[in-house]
There are 2 protein chains.
Amino acid sequence: MNFSITEENYIKNIYHLQQQSELVNTNSLAYELHTKPASVTDMLKKLQIKNLLDYEKYKGFRLTNKGNKVAINIVRRHRLWEFFLVTKLGFEWDKVHSIAEELEHVSNQELIQKLDRFLNHPQIDPHGDPIPDGNGKIPIIHQLSIADVAEKKKVMVSSVANQSPAILELLNHYHINIGTEIKINQRFSFDGSIEIKVGKYAACTISELVAKNIFVYHD
Amino acid sequence: MNFSITEENYIKNIYHLQQQSELVNTNSLAYELHTKPASVTDMLKKLQIKNLLDYEKYKGFRLTNKGNKVAINIVRRHRLWEFFLVTKLGFEWDKVHSIAEELEHVSNQELIQKLDRFLNHPQIDPHGDPIPDGNGKIPIIHQLSIADVAEKKKVMVSSVANQSPAILELLNHYHINIGTEIKINQRFSFDGSIEIKVGKYAACTISELVAKNIFVYHD
DNA sequence: TATATTTTTTAGATTTGTCTAAAAATAAAT
DNA sequence: ATTTATTTTTAGACAAATCTAAAAAATATA
């Protein structure tokens, strides 16, 4: 089944609001979508008719199983594109969200499948959020801040918590990016700074603050 | 200035029809867009108001300079995405057009700029059509069929004329793709077949028919 | 030149998604 | 338990893009 861009945006935002509270209400959805409550009510009816929404007048609403599947697929597309934009095109984190918001509506199944393979089946997007797989399964990924990784371990960067241009500047300087391999050489107890080796670059030292913001895959 | 997806589709199709005849008429545009002449007339008025179209009732129409620039930008996006889909995601030629048709409407300038750089500023799309550059300049590319390349020359595949699944099967077998480096070893006059070396694979022989359908960059 | 045919345009209706303003239901406060 | 405030829904209008059916203009034919 195919949905309009507008419908997809409603579905996706309902999904996200449901992560915080079981039942979603009209006003908060209207706020997220930068639209008016009256418009939301109209769309709720349409989504209910299409069996995407459990909705009772004045009582709030939630996605059906079917609606949930559709939502997860949109989220998957969004996060895959974000990963692509950062790791392949060299975008900075703060720019990718709005672009991915457009790309996510290109709904060709084969496209997403091939994109996923091209990116090597990433499990975490640049913001640290999990990327659902083709079956809608959301991986539970164990991430650890570099500050907590044991010495001598080799790890791969999965995401970065703080997304300010300031930390970006620093990470670029250290050649650290999503997917970068890092070896933890030595931790210094005086100030919590850590000597690391990034890829094949010469070893360098990062502050504890930076270390705490860099997350890596960890099983 | 930003245009709706519908407007962009009209502009692009007018552009393509203009390649064949200076003035475009309502019926042929309606045919291309799978819509009705009455709908076309409505849109023509809108495009004229936005200064994209020179249009006189009952007399046909053509893009203005401004409209032309917009069209070329859409074509650029379309062909860059086609190139991406084939060379990076491994799509076959016959599948990419409709997907690129959706992707082309994601109009973020920086996205296209970075995609272009990522793809290494390709000049020809998988169908052999030129890709306009960021300034709207359309490169005049000299392509040559492999059948006409001198012996011992090293060349790079730019496009493939015949796009049937049958030739695709063969090209996959030979590891030939857009961007692939090929060295012409020897031409055999008896049947016009040619021994070539594809990338770092062992030399192989292709028929004259295949050779005639593979085009390469040539200055 | 008059008539027939084709092409193009107008007029008015429809669909999708939106809005404002007012009414109805629910929740909060006295 | 009323009154007040908030939230949600309805009713009716609007803009974008489309359609059908009929009128108008241009072209072709006799």
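Protein chains get the first letters and strands the later ones, always in sequence-line order, with residue 1 at the start of each.
For A:H142, there are no ring pair (Phe, Tyr, Trp, His ring centres under 6.0 Å) partners at least two apart in sequence or on another chain.
With 3.5 Å as the limit, one finds a donor-acceptor pair spanning the side chains of A:H105 and A:N9. Between the side chains of A:S28 and A:N25, a donor-acceptor pair is found at a separation under 3.5 Å. Remark: the A:H78 side chain and the A:E82 side chain contain an N/O donor-acceptor pair separated by less than 3.5 Å.
In this structure, B:K88 satisfies the cation-pi test against B:F118, with its NZ or CZ atom closer than 6.0 Å to the six-membered ring centre and inside 45 degrees of the ring normal.
Residue A:F61 is classed as having no contact, given no heavy-atom separation below 4.0 Å to the nucleic acid.
Between B:R62 and B:E22 there is a salt bridge, since a side-chain N of the basic residue sits under 4.0 Å from a carboxylate O of the acidic one. At a threshold of 4.0 Å, the pair B:K12-B:E101 counts as salt-bridged, since one of the basic side-chain nitrogens sits closer than that to a carboxylate oxygen.
Going from atom NE2 of A:H105 over to atom P of C:dG17 covers 12 Å, rounded to whole Å. Remark: C1' of D:dA15 and CD1 of B:I49 are 14 Å apart, rounded to the nearest angstrom. With rounding to whole Å, B:Y31 atom OH is found 18 Å from C:dT6 atom P. In this entry the distance linking CD of B:E56 with P of C:dT9 reads 11 Å, nearest Å. A:I11 has its CD1 atom 15 Å from the C1' atom of C:dG17, to the nearest Å. As rounded to whole Å, 14 Å separates atom P of C:dG17 from atom NZ of A:K45. Residue A:N9 contributes atom CG, which lies 15 Å from atom C1' of C:dT16 at whole-angstrom precision. Taking atom CG of residue A:L33 and atom C1' of nucleotide C:dT18, one finds them 12 Å apart after rounding to whole Å.
Minimum heavy-atom separation, B:T26 to B:F61: N-CE2, 3.7 Å. In terms of heavy atoms, A:T64 sits closest to A:N51 at OG1-O, 2.8 Å.
Near DNA chain C, meaning a heavy atom under 4.0 Å away, the residues from residues 12-28 of chain B are B:N25, B:T26, B:N27.
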Heavy-atom protein contacts under 4.0 Å, nucleotides 17-26 of chain D, coded B base, S sugar-phosphate only, - none: SBBB---BSS

